[in-house]
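Here the structure is laid out as structure tokens; the discussion comes afterwards.
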Amino acid sequence: MLIRKKSSPKSQPQINNIEITPDTLSSRSGILLYNRYLEKLGFYKFIQDVFGSLPQGANGMQPLEFYKQLMAYFFDGSCMHISYFEILKNMPALASFLNIPEDKLASSHQIKRFFKKYVNKLYIQHKFRFILRQLFIWRLKQDKPSIIEIGIDTMVLDNNDALKREGCKPTYKKKLGFQPLQITWNHIIIDAIFRDGDKHSNHGKDVVKSLRKIVNLIRAEYKIDVPIIVKMDSGFFADANFSYMEDKLDVLYICSGKRYANIVNHINKLEQSKLHEYQAGKNIWNYAEFGCRLDSWKKFRRFIYTQYENADDIQLYVNFGKPDQIICTNIGVNPKLTKQLISAGGISYLTAEGIIEAGHKRGAEELVHRSYKELLVKEQLPFKKFGMNQAYYYFSVISHTLFESYKRDVSFDIISVVSYPSTFRRKLVDFAGKVVSHANTVTLKVTKYIYDSLNIKELWERCHNPVMIL
């Protein structure tokens, strides 16, 4: 009897060797799209015009080459050490993505020398803040909000483990670092003052001066009568701030209150039965409204006291141990501003529930700090001189604004606009490509799966048609 031997299925050939390819390859092909977007919206021309008076190297790296490589460095985020530029210098694909000659890829020493041109603290800070405010107006005119909610807060950059840094001082978090004052709107930082770590929230006149510039810019460049609501935590709870916003700026504010004696005394006299109830999802708050004037104040202001209840575990807190909050606001007090708010469709803000809801959203708005720090990857700033670290900080803030703009203008249907940098980088930066040059034309080739799944054709077209900054 003839027995046929079953043939085994043909196995996949196994890789047995590794060789060098002369092809120009990259694992960060998303940088090409981002750089083209920045070119077409006029960012490089804009920043060169702002810093046009800075000295330029005769034979070394020019400002345009520096700006392109620095923006790609923050966007990539693979390594945030300045020494990483030594690795980037040996990546010819990066030169193709940035549209610069390969021999113009910078070394880490060239990058450091360029940062030394920004050591003038005050002069350079004004330039950077001007850029941030202009980017804000650019985004504002695209979004066209009927009511503008801006947040103001400080953010600690923990440099406790870094080598000695000029201006690196103890912060309220008991760590050595820096503590810039930042104004935020719609997930971007629209103005900032880079400061030593020991500068508290309400240091000097930083708050009122920053708000004045932002408010005047909104009135002049966007809309003269748009309602503006400033949200703050208790670090900014001060009569000087409130009076300036009420009397000089004509803006509304919502500020977390401090537990001063006469406020606490009034709260202790509140009867539990007279508290109203506000519910958002499964969360319940009891609240009461009242007017209060501290001893040093000249006027009464509107206060709202909230006390948290847990709907799922109502026995979790005894009465005196329930988490509570005090809110101070001028919403509903000024007739002119109230009329503006109603005309803009913000009548819900006038109720206590609307103010509580807006106050609670302030916590979510602070996630811009988390997004920024994730883009930065590490909080330690790389230089010893304050002026150079200040420039590094401002360039990173500008990069974060452009990163958020890219998500909204280009990749909004590929990845969520609220996605964090690490998620975004995995999908829209870290994909492989091959740079091919033929007949005086340079082409980036990607796999069909990447081309289709990321809709590269549509992204490429959007990168070429953004709304220009100026």
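Lys407 and Glu404 are joined by a salt bridge, as a carboxylate oxygen and a charged side-chain nitrogen come within less than 4.0 angstrom of each other. By the 4.0 Å N-to-carboxylate-O rule, Glu149 lies too far from Arg362 to be salt-bridged with it. A salt bridge between Arg462 and Asp413 is present, with a side-chain N of the basic residue lying under 4.0 Å from a carboxylate O of the acidic one.
Residues Glu379 and Asn160 have side chains not in contact (no heavy-atom distance under 4.5 Å, counting atoms from C-beta outward).
Tyr84 has its ring centre no less than 6.0 Å from the ring centre of Tyr73. Residues Phe403 and Phe424 place their aromatic rings such that the two centres sit under 6.0 Å apart. In this structure, the ring of Phe194 has its center less than 6.0 angstrom from the ring center of Phe178.
Between the CG atom of Leu428 and the OG1 atom of Thr423 there is a distance of 11.0 Å, given to the nearest 0.5 Å. Between Glu39 atom CD and Leu98 atom CG the span is 8.5 Å, to the nearest 0.5 Å. The distance from the CZ atom of Arg133 to the CD1 atom of Ile218 is 11.5 Å, given to the nearest 0.5 Å.
Checked by atom type and distance alone, the side chain of Asn35 pairs as donor or acceptor with a backbone atom of Phe97 at under 3.5 Å. The backbone N or O of Lys104 sits less than 3.5 Å from a side-chain atom of Gln69, completing a donor-acceptor pair. The closest donor-acceptor contact from the side chain of Arg165 to the backbone of Phe386 lies at 3.5 Å or more, if one exists at all. In this structure, the side chain of Asn241 engages the main chain of Phe236 through a donor-acceptor pair within 3.5 Å. Checking side-chain atoms of Asn159 against main-chain N and O of Leu157 turns up a donor-acceptor pair under 3.5 Å.
Ring pair Tyr394/Phe128 is parallel by interplanar angle, where below 30° counts as parallel and above 60° as perpendicular. Ring geometry for Phe114 against Tyr118 counts as tilted: the plane angle lies between 30° and 60°, on a 0 to 90° scale. Between Phe395 and Phe66, the ring-plane angle classifies as perpendicular under the 30° and 60° cut-offs.
Between the side chains of Gln179 and Thr171, no donor-acceptor pair of N or O atoms lies under 3.5 Å. At a cut-off of 3.5 Å, with distance as the only test, a side-chain donor of Ser371 or His400 sits close to an acceptor on the other residue.
In plain terms, the two heavy atoms of Ser201 and Gly235 that are nearest each other are CB-O, 3.7 Å. Here the closest heavy-atom approach between residue Arg408 and residue Val417 is recorded as NH1-O, 3.7 Å. Among all heavy-atom pairs drawn from Gln325 and Ser256, the shortest one is NE2-OG, 3.4 Å.
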Worked verdict on Tyr420 versus Leu367 for side chain to side chain contact (heavy atoms under 4.5 Å, CB included): CA-CA 10 Å; Tyr420 285 101; Leu367 293 178; 3.6 Å; yes

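Residue pairs that meet the ring pair (Phe, Tyr, Trp, His ring centres under 6.0 Å) test with at least one member in residues 357-377, sequence neighbours left out, are Trp285-His360. Within the structure, every pair that satisfies the side chain to side chain donor-acceptor pair (under 3.5 Å) test and touches residues 204-214, not counting sequence neighbours, is listed here: Arg129-Ser210, Arg195-Asp206. Within the structure, ring pair (Phe, Tyr, Trp, His ring centres under 6.0 Å) pairs that include any residue of residues 449-470 comprise Trp460-His464 (at least two apart or interchain).
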Just list the side-chain donor-acceptor pairs under 3.5 Å for residues 430-438, sequence neighbours left out, or say none.
residue	atom	partner	partner atom	Å
Asp430	OD1	Arg28	NE	3.4
Lys434	NZ	Asp23	OD2	3.3

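Under the side-chain contact (heavy atoms from CB on, under 4.5 Å) criterion, Ser405 pairs with Tyr37, Trp138, Arg139, Thr401, Asp409, not counting sequence neighbours. Under the ring pair (Phe, Tyr, Trp, His ring centres under 6.0 Å) criterion, Tyr349 pairs with no residue, sequence neighbours left out.
Other residues, nucleotides and ligands contribute over 12 non-hydrogen atoms within 6.0 Å of the NZ atom of Lys258. Shown here is His200, whose NE2 atom has more than 12 heavy atoms of other residues, nucleotides or ligands within 6.0 Å.
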